[in-house]
Amino acid sequence: MGTADLAHGQVAATPPTRNKGLPATAAFGWLHAGWRDLIPDAGASLAYGLAVFAVSALIVAGLFSLELDYILFPALAGFMVVGPLIAIGLYEKSRRLEAGEPVSLRNMLFVRPKSGAQVLFTGVIMCGLMLLWMRAAVIIYALFFGLRPFPGIDHIAPMLFTTGIGWAMLVTGTVVGGLFAAFSFAISAFSVPMLLNERTDAFTAMGTSISLVWNNLPVMIVWGTIVLVLTVVALLPAMMGLIVVFPLLGHATWHAYKAIR
């Protein structure tokens, strides 16, 4: 652009800067920053985590009461797909702390994203992806075991680990589930924080999230591993670990978004 253009006020738009090549160790810094955000008004964050735990426990109890326990594991995996959407109130607390604004549980429950209803549209897409994964898991089971009834949680391990068909299903399910997990992680890692903090549409936010993940692959692999390990640890003690782990990861995700965006 020439000097004459600048003189007439035609300034070129500068795209937002995006960090690239962050060190893999940066992921641990995000986790530490998330812990720092959890401590102030910790009651609000823990109450948020308690609500997530209570809803999750009710869903699991409902699956067993309706004899749908065969979709329990896909449902738990699907929880990681919609988790970033559920954590929007935690992003709001971190945003408020960063901006020096007051924090309350009410602010976290009744969030007003800058992108408005685009967050709901993103939520519909994520829920659809979760349901698609659950259906795929049921189809994979049927492909290998036919119409054999699900043996129940107590007998699933011997069926999977002591038979050739079980191992084949495990390998296939792991590959298919890994593809679902990688795609859902890429589109959701930063899209919801972006919709909260910026005026944009759902598809732009998800596309940008994929770009940010791809351009920072080493640190995002570490971050994804941290999220997976902590989520599994949180689910083991009857899901009670979600009360602390979910808020911690939610606050840390906000700092991941701010660091990369």
Side-chain angles (χ1 to χ4, degrees), residues 29-62 75-76 78-127 130 184 188-200 202 205 209 223 226-259 261:
W30 303 338
L31 195 64
H32 184 258
W35 180 257
R36 287 202 313 266
D37 282 0
L38 191 153
I39 298 303
D41 295 292
S45 294
L46 295 178
Y48 201 98
L50 180 62
V52 171
F53 159 72
V55 172
S56 301
L58 285 174
I59 292 174
V60 171
L76 292 176
F79 173 78
M80 297 189 68
V81 177
V82 298
L85 178 69
I86 301 171
I88 189 170
L90 300 165
Y91 308 151
E92 174 66 6
K93 178 187 173 183
S94 290
R95 186 197 68 78
R96 285 176 169 270
L97 288 173
E98 190 176 85
E101 299 176 7
V103 174
S104 69
L105 183 59
R106 185 177 184 278
N107 298 139
M108 297 168 64
L109 294 177
F110 301 98
V111 181
R112 301 181 65 179
K114 286 188 176 181
S115 296
Q118 291 296 314
V119 173
L120 297 178
F121 184 54
T122 303
V124 170
I125 294 175
M126 290 181 179
C127 288
M130 182 185 73
S184 62
S188 64
F190 302 116
S191 57
V192 179
M194 194 180 306
L195 291 168
L196 169 67
N197 196 50
E198 306 174 28
R199 286 186 178 276
T200 186
S209 180
W223 177 239
I226 291 174
V227 172
L228 176 61
V229 170
L230 288 182
T231 301
V232 171
V233 170
L235 293 175
L236 288 178
M239 298 190 299
M240 294 188 65
L242 288 174
I243 299 172
V244 175
V245 171
F246 192 82
L248 173 62
L249 291 177
H251 292 311
T253 298
W254 173 261
H255 288 280
Y257 155 71
K258 294 296 287 186
R261 180 61 170 162

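Residue indices begin at 1 and follow the sequence shown.
No side-chain donor-acceptor contact under 3.5 Å links Tyr91 and Asn197.
Among all heavy-atom pairs drawn from Tyr257 and Glu198, the shortest one is OH-OE2, 2.6 Å. When all heavy atoms of Met126 and Ser188 are compared, the closest pair comes out as CE-CB, 3.2 Å. For the pair Val245 and Leu230, the tightest heavy-atom approach, listed with the atom from each and the gap, is CG1-O, 3.6 Å. Leu105 and Ala44 get closest at one heavy-atom pair: CD1-O, 3.6 Å. What you find for Thr122 and Ser191 is that their closest heavy atoms are CG2-OG, 4.3 Å. Here the shortest heavy-atom pairing between Leu38 and Leu248 reads CD1-N, 3.7 Å.
For the pair Leu196 and Val111, the minimum side-chain heavy-atom distance is below 4.5 Å. Side-chain contact between Arg199 and Gln118 is absent, with no heavy atoms from C-beta onward closer than 4.5 Å. Taking 4.5 Å as the limit, every side-chain heavy atom of Pro193 sits out of range of all side-chain heavy atoms of Leu195. At least one side-chain heavy atom of Thr231 sits under 4.5 Å from a side-chain heavy atom of Val227.
Taking the ring axis of Phe110 as reference, the NZ or CZ atom of Arg106 stays within 45° of it and closer than 6.0 Å to the ring centre.
For the atom pair Cys127 SG and Leu85 CG, the distance stands at 6.5 Å (nearest 0.5 Å). Separating the OG atom in Ser56 from the CD1 atom in Ile243 is a distance of 10.5 Å, to the nearest 0.5 Å. Taking CD1 of Ile88 as the reference point, atom OG1 of Thr253 lies at 12.5 Å (rounded to 0.5 Å). Rounding to the nearest 0.5 angstrom, the gap separating the OH atom in Tyr48 from the CZ atom in Phe246 is 6.5 Å.
Ring-plane geometry between Trp223 and Trp30 is classed as perpendicular, the angle between the planes exceeding 60 degrees on a 0 to 90 degree scale with a lower cut at 30.
Applying the salt bridge (charged side-chain N to carboxylate O under 4.0 Å, His left out) criterion to Glu98, with sequence neighbours excluded, gives Lys258.
Between Glu92 and Arg112 there is no salt bridge, since no side-chain nitrogen of the basic residue lies less than 4.0 Å from a carboxylate oxygen of the acidic one.
Judged by distance alone, with hydrogens and angles left aside, the side-chain atoms of Lys93 form no donor-acceptor pair with the main-chain N or O of Ser104 at under 3.5 Å. Formation of a donor-acceptor pair under 3.5 Å by the Ser115 side chain with backbone atoms of Thr200 is found in this model. Between the side chain of Arg96 and the backbone N or O of Val103, no donor-acceptor pair lies under 3.5 Å.
Each of Leu90, Leu31, Leu97 was scored for a side-chain contact (heavy atoms from CB on, under 4.5 Å) with His251, with one residue passing: Leu90.
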